[in-house]
Amino acid sequence: MTLWVLTIVGLAALIAVDFFIGRKPHEVSIKEAGIWTAVWIALAGLFGLGLFYLGGAQPAGEFFAGFITEKSLSVDNLFVFVLIMTKFAVPAQYQQRVLLFGVLIALVLRAVFIAAGAAILASFSWVFFIFGAFLIWTAWKLIQEARADHEDEEYEENKLLKAAERRFGVADRYHGTKLWIEENGKRVMTPMLVVMLAIGTTDVLFALDSIPAIFGLTQDPYIVFTANAFALMGLRQLYFLIGGLLKKLVHLSYGLSVILGFIGVKLVLHALHELGVHVPEISIPVSLGVICGVLVVTTITSLIASRKQAAAEAAGGAGGAKDSIDA
């Protein structure tokens, strides 16, 4: 309990520092985003080294595997965050504030998921079969979505968000960073609050696959929570840093599907092992190697494919211009 309290207090302090440094609404530069992204990754690395010093290689390896997995899965969230920002036409100077509180909402909701998942797994080992099958199904679904055309994809508000808008009403424009205003004698939400809730509640949908995935790497609730916390808290800066590069990661969904399918198989093998069936179990070093290897290969192939596509489009444009001149 002391460790949990100290960890939560430490995370709260880091979040407070992050908030007060960037409390003035402003448009985030690439340099600022890069610095803070490096800071959060460094903090995650120091935390992992602390686990290694206090607990040994096993918990440290589980943390790094979980952190890298959650980080890679959270990058996929950024696609949806872009859609949400576009849908609600969030001014550039307010996007940082929106993401901070949206991520905080997501972190609190994920903590509830983690507590529930840990309690269920501690009581019913057969749930590993369900988690494993769900991850394998999610992997297949990701492949199907990656092969489909999503150029015209738009964000659709979830039922919870629509219910809140009907209940409280929404102002017709942004009022700075205010979340509530008085309008015609009635207290209504501002678009700022709506978009924060949209990001926070949408992330819960992503938690449905990321939480089972990390439980496939470790069953320690403390490591599951801290890996999620560090992955999420650096997500805001990552949004501004690689926002323009997201479209170039054309093979990301394929890479994530391989990772989720791999962890799904790992969960099924673990469940069989718990039932006394003699099957090989996948170690943390192997898991870490597979996850990192898949992400590296996915990134390289994505950049190569994007470069070829850009070259083809440039050649096509040049050819069209030449035909026009000839005509």
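Looking only at distances, a side-chain donor or acceptor of T301 sits under 3.5 Å from a matching main-chain atom of T298. Looking at Q95, its side chain does come within 3.5 Å of a backbone N or O of V90 through a donor-acceptor pair.
When side chains are defined from C-beta on, E62 does not count as touching L217, because their heavy atoms never get closer than 4.5 Å. Residues I120 and F215 form no side-chain contact, since every pair of their non-hydrogen atoms from C-beta on lies 4.5 Å or further apart. Taking the side chain as every heavy atom from C-beta outward, M233 and L14 never approach each other to under 4.5 Å. Taking 4.5 Å as the limit, some side-chain heavy atom of Y254 sits within range of a side-chain heavy atom of I143. In this structure the side chain of L269 never reaches within 4.5 angstrom of the side chain of F128, judged on heavy atoms. No side-chain heavy atom of I214 sits less than 4.5 Å from a side-chain heavy atom of T69. With a 4.5 Å cut-off on side-chain heavy atoms, I136 and L267 do not count as touching.
Linking Ile, Leu, Val, Met, Phe, Trp and Tyr whenever their side-chain heavy atoms come within less than 4.5 Å puts V265 and F131 in one cluster. F230 and L54 fall into different hydrophobic clusters, where Ile, Leu, Val, Met, Phe, Trp and Tyr side chains are chained together by heavy-atom contacts under 4.5 Å. The cluster map of Ile, Leu, Val, Met, Phe, Trp and Tyr, joined by side-chain heavy atoms under 4.5 Å apart, puts L99 and I41 in different clusters. A continuous path of hydrophobic side-chain contacts links L11 to W36 [ILVMFWY only; heavy atoms under 4.5 Å]. F262 and V296 fall into different hydrophobic clusters, defined by Ile, Leu, Val, Met, Phe, Trp and Tyr side-chain heavy atoms under 4.5 Å apart, directly or through other members.
Applying the side chain to side chain donor-acceptor pair (under 3.5 Å) test to pairs two or more places apart or on separate chains, none has a residue in residues 284-293.
A donor-acceptor pair shorter than 3.5 Å can be found between the side chains of Y222 and T7.
Taken from CD1 in I181 to CZ in R187, the straight-line distance is 10.0 Å, to the nearest 0.5 Å. With rounding to the nearest 0.5 Å, the separation of NZ in K141 from CG in L260 is 12.0 Å. Here CD1 of I8 is found 9.5 Å from CG of L3. Values are rounded to the nearest 0.5 Å. Between atom OG of residue S257 and atom NE2 of residue H251 there is a gap of 11.5 Å, rounded to the nearest 0.5 Å. Atom CD of Q58 and atom CG of D220 lie 10.0 Å apart (nearest 0.5 Å).
In plain terms, the two heavy atoms of P59 and L51 that are nearest each other are O-CD1, 4.1 Å. Nearest heavy atoms, E70 versus A231: CB-CB, 3.7 Å. The two atoms that bring V170 and V188 nearest to each other are N-CB, 4.4 Å, heavy atoms only. A227 and G66 make their closest contact through CB-C, 3.9 Å (heavy atoms, listed as atom of the first residue, atom of the second, distance). Summarising the geometry of A111 relative to F225, their closest heavy-atom pair is CB-CE1, 4.0 Å, with the distance given to 0.1 Å. Summarising the geometry of S72 relative to L256, their closest heavy-atom pair is O-CD2, 3.6 Å, with the distance given to 0.1 Å.
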Could you tabulate the donor-acceptor pairs under 3.5 Å formed by side-chain atoms of residues 190-199, not counting sequence neighbours?
| from | atom 1 | to | atom 2 | distance (Å) |
| --- | --- | --- | --- | --- |
| T190 | OG1 | K178 | O | 2.6 |
| T190 | OG1 | L179 | O | 3.3 |
| T190 | OG1 | M192 | N | 3.4 |

**Item:** Verdict with supporting geometry, V258 and V290, side-chain contact (heavy atoms from CB on, under 4.5 Å)
**Value:** CA-CA 9 Å; V258 172; V290 169; 5.5 Å; no
Given I284 and T218, is the side-chain contact (heavy atoms from CB on, under 4.5 Å) satisfied, shown in steps?
CA-CA 9 Å; I284 287 298; T218 176; 5.8 Å; no
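The environment of F129 atom CZ is dense: over 12 non-hydrogen atoms of other residues, nucleotides or ligands sit within 6.0 angstrom.
In this pair, W180 and F168 present their aromatic rings perpendicular. The plane angle is above 60°, beyond the 30 to 60° band.
Put simply, the residue from W40, Y53, F63, F64 that forms a ring pair (Phe, Tyr, Trp, His ring centres under 6.0 Å) with F47 is F63.
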